[in-house]
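Quick notes on the structure that follows.
Keep in mind the model is a prediction, meaning the values are calculated, not measured.
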2 protein chains.
Amino acid sequence: MSLHPDFHISKMHELEQVCRSKGLPMTVQRRAIMESLAVRKDHPTADQVFETVQARIPGVSRTTVYRVLETFVQYGIVQKINSPLARARFDADTARHHHLRCTGCDVMVDLHDPSLDRLPLPTPVDNGFQIHDYTISFTGRCPRCAGKVDNRRGV
Amino acid sequence: MSLHPDFHISKMHELEQVCRSKGLPMTVQRRAIMESLAVRKDHPTADQVFETVQARIPGVSRTTVYRVLETFVQYGIVQKINSPLARARFDADTARHHHLRCTGCDVMVDLHDPSLDRLPLPTPVDNGFQIHDYTISFTGRCPRCAGKVDNRRGV
DNA sequence: ATGTTGTTTGGTAAAATATTGCAAACGCAT
DNA sequence: ATGCGTTTGCAATATTTTACCAAACAACAT
């Protein structure tokens with residue numbers, strides 16, 4: 001377990017703090033959505049979060065889940081993560097870390113590795129880009145898919 | 001210009017070779033789609049490619065563009081690249097390189113930097129992942145957006 | 001406890017994005 | 001030119017995401 005075992009608990013505290021300091025109401029939906037995301041170690045799409053939240057709040061609207069996730073991203077307590085697939089994926093861990101995606105089953109997990117967190121940031125050269133941050137996306141095979149062939153070559 | 005100035009020309013040769021060796025017909029659509037992608041320095045979505053191709057082949061179908069891009073990805077002559085946004089983006093450059101995305105306008109450009117291409121690959125530890133490859137996604141501000149505030153915080 | 005206020009939610013609709021099935025058209029080798 | 005297998009375009013469909021607005025809710029002050 002690379003993450004703090006009580007990660008989702010501290011994440012709920014963070015949510016409370018942000019809501020309080022920004023004057024945002026702490027709704028049951030926001031609570032359930034954050035907890036559903038923070039207890040997972042994969043990086044679900046908005047619809048996958050919706051399915052999980054539905055089990056806890058039967059009448060919840062899909063719209064709400066999409067909207068709340070975007071709100072969380074805007075307040076910096078959830079991040080959208082890099083994926084070449086077409087759907088956005090979300091991650092409650094906003095500290096710098098990296099991701100492993102299995103090219104067999106598309107599962108995504110975290111990689112915390114301090115030695116990868118101190119890459120020298122490229123400086124603005126010919127393109128003039130000011131670089132602020134980065135994440136590394138590793139691709140490979142999870143243990144369950146190690147034997148199979150890729151279902152999505154090149155992705 | 002970090003890429004070879006005749007990149008799109010050699011890319012067309014590569015397409016011809018792949019089609020020939022795999023027995024794929026070289027259609028005008030495939031030619032136009034590859035060229036439309038290869039001449040760009042940004043990394044368009046399938047629909048953006050469709051718009052460009054439309055200008056050259058007025059009756060082209062959106063379906064064809066989506067389909068051909070996926071075919072190119074399967075044959076390894078185009079890659080889907082990492083983006084936290086919801087839409088898949090495509091890149092005709094399949095050599096290892098990295099990407100810069102502006103958090104202001106979402107433009108994506110390449111970063112070729114050999115010193116970033118030899119990162120030590122993490123070995124399977126507790127998670128058992130066999131890592132094959134990686135790309136680094138840098139975020140920052142392009143020259144045009146350097147002064148503005150982000151339109152998508154945290155993305 | 002109760003009311004007030006501003007925000008959020010749910011539901012519907014629709015926009016945006018992506019995929020499928022099939023007949024007609026096309027590329028390529030002969 | 002002819003024939004074969006593949007690709008294309010179209011139309012329909014599926015999937016993912018956003019917009020709108022009346023009703024419900026959270027927070028705070030009574």
**Fill in**
Rounded to whole Å, the NZ-C1' distance (B/Lys22 to C/dC28) equals 18 Å
**Prompt:** When all nucleic acid strands are considered with a 4.0 Å heavy-atom cut-off, which category describes B/Gly23: base, sugar-phosphate, or nothing?
**Reply:** nothing
**Asked** For the pair made of CZ in B/Arg62 and P in D/dT8, what is the distance, rounded to whole Å?
**Response** 16 Å
**Prompt:** Hey, are the side chains of B/Leu111 and B/Leu116 touching, using non-hydrogen atoms and a 4.5 Å cut-off?
**Reply:** yes
**Asked** Within this structure, what is the CD-to-C1' distance between A/Glu70 and C/dT8, rounded to whole angstrom?
**Response** 16 Å
**Request:** Ignoring backbone atoms, test whether B/Gln29 places a side-chain nitrogen or oxygen under 4.0 Å from the OP1 or OP2 oxygen of D/dG9.
**Result:** yes
**5' priority, DNA chain C, between B/Asp47 and B/Thr27 [closest heavy atom]** = B/Asp47
**Request:** State, with a plain yes or no, whether a side-chain heavy atom of A/Glu16 is found less than 4.5 Å away from one of A/Arg20.
**Result:** yes
**side-chain N/O B/Tyr66 vs C/dT19 OP1/OP2, d < 4.0 Å** = no
**Prompt:** Given A/Asp110, which of A/His98, A/Lys41, A/His97 fulfils the side chain to side chain donor-acceptor pair (under 3.5 Å) condition?
**Reply:** A/His97
**Asked** For residues A/Arg40 and A/Thr52, is any side-chain donor paired with an opposing acceptor at under 3.5 Å?
**Response** yes
**Asked** Whole Å only: how far is the CZ atom of B/Arg31 from the C1' atom of C/dC26?
**Response** 13 Å
**Prompt:** Quick one: which of B/Arg30, B/Lys11, B/Arg56 gives a salt bridge (charged side-chain N to carboxylate O under 4.0 Å, His left out) with B/Glu35?
**Reply:** B/Arg56
**Sugar-phosphate, base or nothing in reach of A/Thr63, heavy atoms under 4.0 Å** = base
**Complete:** In whole angstroms, the gap separating P of C/dT7 from CE of A/Met26 amounts to 18 Å
**Prompt:** Roughly how many Å is it from CZ in A/Arg87 to C1' in D/dT16, rounded to a whole number?
**Reply:** 7 Å
**Item:** Between D/dA27 (C1') and A/Arg20 (CZ): distance, integer Å
**Value:** 11 Å
**Asked** Could you give the CD1-to-P distance, from A/Ile33 to C/dT8, as a whole number of Å?
**Response** 12 Å
**Request:** On DNA chain C, check which nucleotide each of A/Arg67 and B/Pro25 is closest to and give me the residue with the more 5' one.
**Result:** A/Arg67
**Message:** Below the 4.0 Å mark, does C/dG10 have OP1 or OP2 next to a side-chain nitrogen or oxygen of A/Thr64?
**Reply:** yes
**Request:** Measure from the side chain of A/Val68, starting at C-beta and using heavy atoms only, and say which of C/dT9, D/dT16, C/dC28 lies closest.
**Result:** C/dT9
**Asked** With a non-hydrogen cut-off below 4.0 angstrom, is A/Arg30 in contact with a base, only sugar-phosphate, or nothing?
**Response** sugar-phosphate
